[in-house]
Amino acid sequence: MCDTCGCGAPAVRTIDVNERLLALNTAEAEHNRAHLAKRKIFAINLMGTPGAGKTALLEATIALWRESRRILVIEGDQATNRDSARIRAAGATACQVETGLGCHLDAHQIHDALHHFDLGDGDLLFIENVGNLVCPALFDLGERLRVVVTSPTEGADKPLKYPPMFRAAHVVVLNKCDLIAHVPFNLGEWTEYVRAINPHARIIQTSALSGEGVGELLAEIDNVRQSFFPGISA
Amino acid sequence: MHELSLARDLLAAIERKLDRSDGRVARVSVSVGSAAGIVSESLRFAFRVICEGTRLDGAELSITTVAARSRCADCGIVFHFDGLIGQCPGCGRLGGELLSGDEMILRTIEVADV
């Protein structure tokens with residue numbers, strides 16, 4: 001190429017795109033959403049810190065609902081099928097996705113997992129995402145409700161430190177609420193920080209072990225489910 | 001590390017837009033809202049790695065960061081900010097309702113026509 005005028009340089013052709021990244025995942029998520037809607041299956045993306053109590057909350061949910069609702073669970077972990085074993089022991093159907101190095105579930109994995117189930121009309125599908133307050137917030141799975149679970153042992157400032165996750169939440173659960181009095185955790189501050197990042201999220205305190213607040217969480221899930229599928233029976 | 005997932009997705013999105021006959025890609029331009037939480041250098045690194053051996057090998061990834069917009073939950077004013085969380089310039093309240101700024105958009109692909 002000529003240094004003076006640039007002649008001889010290859011011509012460059014610009015292709016205008018203006019497309020969102022993760023469009024492929026979003027398209028697969030929309031496909032999942034439509035597929036589930038045809039069967040009136042309500043999907044919940046359960047996210048949160050590792051150890052916050054996501055699986056324990058599912059066990060508590062299954063204990064209360066297994067006689068009245070058909071519950072399916074997709075479990076996402078880097079390794080082991082320990083959580084899906086717990087779900088089956090609790091009395092629900094589970095499919096384990098081991099993500100290996102993957103730090104989040106994506107819509108394609110959900111699409112494949114759905115083929116492992118014998119889906120029924122009106123089923124409740126819980127997707128327990130990989131424990132992680134960062135990446136799962138970016139990946140639409142085809143869910144209707146996003147629940148983020150944290151606990152007092154993490155400190156009050158996590159909503160400020162992980163804004164995308166708390167922004168993405170429809171419901172923020174503070175599990176292990178029975179520990180509030182025993183750890184340095186300021187409930188007022190935490191609540192204020194959740195509200196700062198997400199003025200609209202519903203905040204619910206629970207203890208999966210004692211059952212406190214679980215009824216309130218399930219009532220909220222039911223409310224939202226009814227809003228998407230009016231008149232659906234339990 | 002979601003920058004790697006994003007880089008893979010970006011490469012796939014670019015390849016979908018290119019014809020088989022298209023040659024070397026010289027530059028790719030993306031715009032990223034500041035509230036998306038993307039670390040530009042990590043994305044550039046991941047993209048460089050992902051593109052090795054493809055027709056995008058050596059392509060420049062140009063990243064434009066766009067300021068985010070929030071509406072204050074207390075006084076209602078809409079303001080721009082950089083970073084992940086804003087602070088209302090009116091009343092000082094942190095955060096607010098995010099109106100825009102977490103988007104990640106593939107803008108253009110510049111193909112070198114030999």
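To find a chain, count down the sequence lines: A is the first, B the second, and so on, and within it residues start at 1. Only a predicted model underlies this, so the values are computations on that prediction, with no experimental measurement involved.
- Residues of residues 12-22 of chain B lying under 4.5 angstrom from chain A, judged on non-hydrogen atoms, are A13(B), R16(B), K17(B), L18(B), D22(B) by number.
- By the ring-ring contact (aromatic ring centres under 6.0 Å, His included) test, F139(A) pairs with H104(A), sequence neighbours left out.
- Contacts between L138(A) and chain B at a heavy-atom distance below 4.5 Å involve the side chain alone, from C-beta outward.
- Evaluation of the ring-ring contact (aromatic ring centres under 6.0 Å, His included) rule for H111(A) yields H31(A), H115(A) as partners, not counting sequence neighbours.
- A donor and an acceptor atom, one from each side chain of S62(B) and R27(B), are nowhere located under 3.5 Å apart.
- Side-chain N/O atoms of Q96(A) and S84(A) include a donor and acceptor closer than 3.5 Å.
- Contacts of R20(A) with chain B are made by both backbone and side-chain atoms, with heavy-atom separations under 4.5 Å.
- Contact count versus chain A (heavy atoms, under 4.5 Å) is highest, among L94(B), D102(B), I109(B), I105(B), for I109(B).
- Looking at residues two or more places apart in sequence or on another chain, you find a side-chain hydrogen bond (donor to acceptor under 3.5 Å, both in side chains) between D74(B) and R93(B).
- Within 6.0 Å of CZ in R71(B) there are 12 or fewer heavy atoms belonging to other residues, nucleotides or ligands.
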For this session: Let me see the working for R86(A) and L58(A) under side-chain contact (heavy atoms from CB on, under 4.5 Å), right down to the final yes or no.
Result: CA-CA 9 Å; R86(A) 284 171 63 178; L58(A) 284 178; over 6 Å; no

